[in-house]
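Right, one structure below, let's go through it.
Whatever order the structure lists ligands and atoms in, that order sets their numbers, starting from 1. FYI, side chains are in, hydrogens and waters are out, and symmetry mates aren't considered; it's all heavy atoms of this structure. Counting from 1, the numbers follow the sequence of the chain as shown.
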Amino acid sequence: MPLYSVKMRASLDGTHISGAERIVDAADVSDVCAAMSRRALAHPKGCPDTVNVTVREVDPDAIVRVPFLPWDAAECADEAEARETVLGYIRACTPHAEAAWDLVTSVRNMRGAVLFDAATGERLEPDQARGVRVTNMDAVRIADDDHAVAERTPAKDRVTEARVLAAKVAHHPAVLAEVCISDDPDYTTGYVSTKDIGYVRIPNMKPLGSEIGGRVFIVDAEQLEGLITYLEETPVLVGGDE
Ligand code: AMP
């Protein structure tokens, strides 16, 4: 049976509100489209005036399979502790760790992520208002650990989505680390991930109610070739018989 990439984008007055990604069997396309539309219209950031749901067939030969990153969780009582914890992980990748933290806590309403040059601290994404959006990805099956929440259902949860994205991103040789803070004002847990430490959930990345939110990919600029195409276009299934 053919597989389809299903993408949702919701915006208000041209400003990004939310998005979602799946790769599903033809039989699941209509349920997933319905679930994504419902979700777009019920986002805590507000009610969109435009929702795009796109369905596109995926070439099965182009699919790359990668494992989930191992999962862990840090304990942080507040934003200051969260900052120190994240910096402790990313200092191994860049001498500009503080600048990377400042970016992830200052960008707003981007559809995608910042590409942060580990060596220089410069931004490398071609469109800084939009960033680079990772698309064409999904989980194959439930992962084998206690944050194993990937189900092939329309209502895939937030942690699984983040773990799928983090696995796709970390798999590319140019990516040294990722830092994410959700832009949902009701959700204060973020994460840091690297190939070595895996995916580490970080509580209290921002105060409850804050509209801060963004993603930074810390990259080795010398290995950048093909990164944006991989992130945006290569279909990746996470988990399963990799
Ligand atoms: P979220 O975890 O969905 O609240 O997203 C947090 C931030 O990550 C957003 O503000 C965007 O800047 C960025 N982001 C969300 N989805 C993606 C994606 N698919 N690819 C790259 N960056 C994303």
### Query
Heavy atoms only: which of Glu161, Arg158, Arg215 is nearest to atom 3 (O) of ligand 1?
Arg215
### Message
Please determine whether a side-chain nitrogen of the Lys or Arg among Lys45 and Asp183 lies less than 4.0 Å from a carboxylate oxygen of the Asp or Glu.
### Response
yes
### Query
Just heavy atoms, cut-off under 4.0 Å: does Val107 contact ligand 1 by side chain, backbone, both, or neither?
neither
### Min N/O separation Ser182 to ligand 1 under 3.5 Å
yes
### Message
Is any side-chain heavy atom of Pro126 closer than 4.5 Å to one of Ile228?
### Response
yes
### Query
Does the distance from a Lys or Arg side-chain N to an Asp or Glu carboxylate O, for Glu232 and Arg133, drop under 4.0 Å?
no
### Message
For atom 6 (C) of ligand 1, what's the nearest protein heavy-atom neighbour? Residue, atom name and distance, please.
### Response
Ile181 O, 3.4 Å
### Query
To which protein heavy atom is atom 11 (C) of ligand 1 closest, and what is the distance rounded to 0.1 Å?
Met110 O, 3.2 Å
### Task
Answer yes or no: is there an ion pair linking Arg9 with Glu21, defined by an N-O contact shorter than 4.0 Å?
yes
### Task
Please confirm whether Met137 comes within less than 3.5 Å of ligand 1 when only nitrogen or oxygen atoms on both sides are compared.
no
### Message
Does ligand 1 come near enough to Val134 that some N or O of the ligand is less than 3.5 Å from an N or O of the residue?
### Response
yes
### Task
Do me a favour and list the nearest non-hydrogen protein atom to atom 17 (C) of ligand 1 with residue, atom name and distance?
Arg133 NH1, 3.5 Å
### Query
Should Val6 and Cys33 count as side-chain neighbours, where that means a heavy-atom distance under 4.5 Å?
yes
### Message
Heavy-atom pairs closer than 4.0 Å: do any link ligand 1 to the side chain of Leu165, the backbone, both, or neither?
### Response
side chain
### Query
Taking the minimum heavy-atom distance to atom 12 (O) of ligand 1, which of Gly131, Pro44, Gly112, Ser18 ranks first?
Gly112
### Message
Give me the residue, atom name and distance of the protein heavy atom closest to atom 10 (O) of ligand 1.
### Response
Asp183 OD2, 2.6 Å
### Query
So which heavy atom on Cys76 is nearest to which on Thr85, and how close?
SG-OG1, 3.4 Å
### Task
Ignoring hydrogens and angles, tell me if any N or O in the side chain of Asp78 forms a donor-acceptor pair with the backbone of Glu81 under 3.5 Å.
yes
### Message
Can you give me the closest heavy-atom contact between Phe116 and Thr94, atom names plus distance?
### Response
CE2-OG1, 4.0 Å
#### Entry: Closest approach of any protein heavy atom to atom 21 (C) of ligand 1, naming residue and atom
Val132 O, 3.3 Å
